Student: 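There's a structure below that I have some questions on.
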Amino acid sequence: MTHVHVAVVGGGVSGLSAAHRLRCLLGEQARITVVEQAPHLGGKLRTVEFAGHPVDLGAEAFLHRRPEAAELVAELGLAPQLVHPTRAASTVRAGGRVHRMPSRTLLGVPTSAETVRGVLSAEAAARVAAEPSLPPLRLEGDVAVGALLRERFGDEVTERLVDPMLGGVYAGRADRLSLRATIPVLANALDSGIGSVVEAAAAAMPAPAQPPPDPAPPVFGTLRGGLGALIDRLAEVAKPEVRLGQPVRELLRADHGWRLVIGPATAPEVLDVDGVVLAVPAPSARRLLADIAPTAATSLAEVELASVALVSMALPGDTDLTVNADVPLAAGVLVADRERHADGTPFTAKAFTFSSNKWAHLTGEVKFVRGSVGRVGETELLQRSDEELIEAVRADLAELIGGPVPAPLEVLVTRWGGALPQYGVGHLERVERIEDAVARVPGLAVAGALLHGVGVPACVATGNAAAARVAAHLLGRRWN
């Protein structure tokens with residue numbers, strides 16, 4: 001489509017997916033400009049050379065069972081780079097020791113007492129076993145995950161299983177996260193009339209295959225060269241004009257479409273376009289939509305953000321990362337919130353990924369490990385210096401493996417401020433208000449992790465949907 005100019009504000013995977021889809025829908029002659037405040041594209045997908053290997057400093061995998069990311073990888077010709085995790089086990093440090101993560105749980109929600117008996121105390125396991133005999137549960141509206149589970153099971157299921165899982169995904173806390181937004185299949189099963197959380201979780205999970213397939217279908221995937229390769233390929237195929245280091249200061253309606261004021265306050269520049277995709281975090285979207293879609297801006301102001309820091313370490317290849325004699329090879333460890341060292345000091349990290357155990361392409365003379373620090377509200381923790389975080393994370397790892405951690409060959413601290421939107425109670429209604437308000441503004445769409453999921457497939461899906469909306473408006477305008 002000739003003589004059409006679309007601005008995509010935000011150069012993360014959501015924005016670049018939108019740019020790619022716009023190119024597909026509008027054709028080679030359309031002008032697409034990606035405006036990104038940071039000095040590089042990619043957002044939370046960032047790959048760097050680290051100890052001689054490409055290593056991800058943000059998201060390191062995507063959910064393969066959800067199709068959008070895997071389909072995009074194939075569409076872009078990256079399928080030969082697609083790899084899946086090894087059979088290394090997922091583990092959780094809870095109740096003072098490391099356990100293999102129970103296999104038949106729904107984000108930690110038990111499907112039977114037997115599945116979680118080893119992680120919970122005898123009393124807590126008995127409560128799980130007795131839960132189906134409690135008065136039937138009826139959901140009314142939305143509820144916090146933690147509130148529901150504490151009422152039905154007591155505290156241990158939340159604190160030892162569900163909270164570590166949700167902390168790993170959202171850097172959030174079960175007591176503040178929406179059931180309907182974070183575990184929708186469980187909410188749907190309860191809505192169907194199943195009155196027990198245990199029975200609803202069991203109904204929501206696919207029945208185990210008899211016999212189980214070998215090999216099992218992959219759950220996660222990544223690219224051998226790091227997920228930054230996805231960003232590079234999107235930018236290559238979409239062929240946008242890229243404006244890096246350019247904040248968008250204003251978004252204004254104009255007679256022809258839209259006007260963006262970009263760049264430094266001392267030397268702003270005007271960009272006139274026909275359509276706009278906003279693929280930016282909630283605070284930036286709220287500011288830009290304040291006058292254009294005030295209802296959306298009001299709802300965006302309600303979205304809380306969590307910050308995290310990642311401590312990436314390259315350790316000598318002979319480092320023993322065994323965390324439990326019963327788990328010879330662990331992919332990583334989730335750490336429950338109230339865990340303590342033997343001397344009583346609290347853990348700093350909320351999770352570790354043993355990347356060289358998890359991904360076969362990272363196996364070699366170096367062992368790659370990264371510790372994740374930060375849950376929502378932990379501002380003081382993240383204000384520590386890089387040196388303090390490195391020391392604390394090494395101490396946590398030493399506690400987990402039961403011995404000293406050798407000096408890293410290389411170490412890098414990456415801070416992601418406001419990286420993860422929190423899906424608080426009422427999130428689905430909040431998003432509906434945002435999308436309904438924006439839908440009333442022709443030529444405008446929103447995308448990103450603040451909407452329908454924080455993972456790569458969900459972000460790709462929002463980018464595709466935003467591009468389709470803007471393209472439909474422009475194509476319709478052409479023929480009307």
Side-chain angles (χ1 to χ4, degrees), residues 5-12 14-15 18-19 22 32-38 43-44 178 181 243-307 376 416-454 459 462-463 465-467 469-470 472-474:
H5 189 186
V6 180
V8 177
V9 183
S14 303
L22 284 164
I32 300 169
T33 300
V34 173
V35 186
E36 169 57 52
Q37 179 171 313
K44 308 307 179 295
S178 157
R243 307 291 296 272
L244 296 176
Q246 300 287 306
V248 176
R249 300 193 169 277
E250 289 185 86
L251 177 62
L252 307 166
R253 294 297 301 269
D255 292 339
H256 62 277
W258 298 93
R259 171 164 289 181
L260 287 76
V261 181
I262 68 174
T266 54
E269 182 181 345
V270 169
L271 191 66
D272 289 325
V273 299
D274 301 288
V276 176
V277 172
L278 290 181
V280 293
S284 296
R286 176 197 58 76
R287 177 176 56 80
L288 294 173
L289 293 175
D291 295 328
I292 295 165
T295 299
T298 298
S299 294
L300 284 161
E302 299 171 3
V303 179
E304 189 177 11
L305 302 178
S307 300
V376 65
W416 296 104
L420 290 166
Q422 298 300 288
Y423 288 9
V425 174
H427 179 77
L428 298 185
E429 292 80 5
R430 192 173 300 117
V431 169
E432 184 177 6
R433 292 194 298 270
I434 293 167
E435 292 183 327
D436 285 350
V438 172
R440 292 193 287 271
V441 185
L444 177 68
V446 292
L450 65 90
L451 297 172
H452 299 291
V454 299
C459 289
T462 65
R469 169 175 158 71
V470 170
H473 166 71
L474 296 177

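What you see is a predicted model, and the numbers here were worked out from it, not measured in a lab.
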Student: On a heavy-atom basis, which atom in Ala282 and which in Val303 lie closest, and how many Å separate them?
Tutor: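 Smallest heavy-atom distance, with atoms named: CB-CB, 3.9 Å.
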Student: Any sub-3.5 Å donor-acceptor pair from Arg287's side-chain atoms to Arg249's backbone N or O?
Tutor: yes
Student: At their closest point, which heavy atom of Ile32 faces which heavy atom of Ala19, and how far apart are they?
Tutor: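 In terms of heavy atoms, the two residues are closest at CD1-O, 3.6 Å.
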Student: Hey, could you give me the OG/CG distance between Ser299 and Leu450, rounded to the nearest 0.5 Å?
Tutor: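 So the gap between those two atoms works out to 11.0 Å.
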Student: How long is the gap from CG on Leu260 to CD on Gln246, to the nearest 0.5 Å?
Tutor: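 Leu260 CG to Gln246 CD: 11.5 Å, rounded to 0.5 Å.
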Student: Does any non-hydrogen side-chain atom of Val276 lie less than 4.5 Å from one of Leu444?
Tutor: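 Side-chain contact under 4.5 Å: yes.
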Student: Show which side-chain atoms of residues 418-430 pair as donor or acceptor with protein atoms under 3.5 Å away, not counting sequence neighbours.
Tutor:
residue	atom	partner	partner atom	Å
Gln422	NE2	Tyr170	O	2.8
Gln422	NE2	Leu420	O	3.3
Tyr423	OH	Ala449	O	2.5
Tyr423	OH	Gly453	N	2.7
His427	NE2	Leu451	O	2.9
Arg430	NE	Glu302	OE1	2.9
Arg430	NH2	Val425	O	3.1

Student: How far apart are the closest heavy atoms of Gly15 and Val8, and which atoms are they?
Tutor: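 Heavy atoms of Gly15 and Val8 come nearest at O-CG1, 3.4 Å.
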Student: Restricting to side chain to side chain donor-acceptor pair (under 3.5 Å), what partner residues turn up for Thr462, sequence neighbours left out?
Tutor: none
Student: Please report the C-alpha distance between Val470 and Val6 in whole Å, then the side-chain angles of each, then the deciding distance to 0.1 Å, and finally whether the side-chain contact (heavy atoms from CB on, under 4.5 Å) criterion is met.
Tutor: CA-CA 8 Å; Val470 170; Val6 180; 4.2 Å; yes
Student: Do side-chain atoms of Asp274 reach the backbone of His5 as a donor and acceptor pair under 3.5 angstrom?
Tutor: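 Here the side-chain-to-backbone pair exists.
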Student: Report the distance from atom CZ of Arg440 to atom CD1 of Ile292, rounding to the nearest 0.5 Å.
Tutor: 14.0 Å
Student: Report the distance from atom CD of Glu269 to atom CZ of Arg243, rounding to the nearest 0.5 Å.
Tutor: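 It comes to 4.0 Å.
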Student: Going through the distances and angles, do Val446 and Leu278 end up as a side-chain contact (heavy atoms from CB on, under 4.5 Å)?
Tutor: CA-CA 5 Å; Val446 292; Leu278 290 181; 4.2 Å; yes
Student: Please report the interatomic distance CD1(Ile262) to CD(Glu250), rounded to the nearest 0.5 Å.
Tutor: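 The distance works out to 12.5 Å.
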Student: Grab the two heavy atoms, one from Pro247 and one from Gly245, that are nearest each other, plus how far apart they are.
Tutor: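 Minimum heavy-atom separation between Pro247 and Gly245: CD-O, 3.5 Å.
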Student: Hey, could you give me the NZ/SG distance between Lys44 and Cys459, rounded to the nearest 0.5 Å?
Tutor: 9.0 Å
Student: Is it true that atom CG of Asp291 has more than 12 heavy atoms of other residues, nucleotides or ligands lying nearer than 6.0 Å?
Tutor: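 Not more than 12 within 6.0 Å, no.
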Student: Which atom names give the shortest non-hydrogen contact between Val34 and Gly10, and what distance separates them?
Tutor: CG1-O, 4.1 Å
Student: Which pair of heavy atoms, one from His473 and one from Pro442, lies closest together, and at what distance?
Tutor: CE1-CB, 3.4 Å
Student: Yes or no on side-chain contact (heavy atoms from CB on, under 4.5 Å) for Leu289 and Ile434, after CA distance, side-chain angles and deciding distance?
Tutor: CA-CA 10 Å; Leu289 293 175; Ile434 293 167; 5.6 Å; no
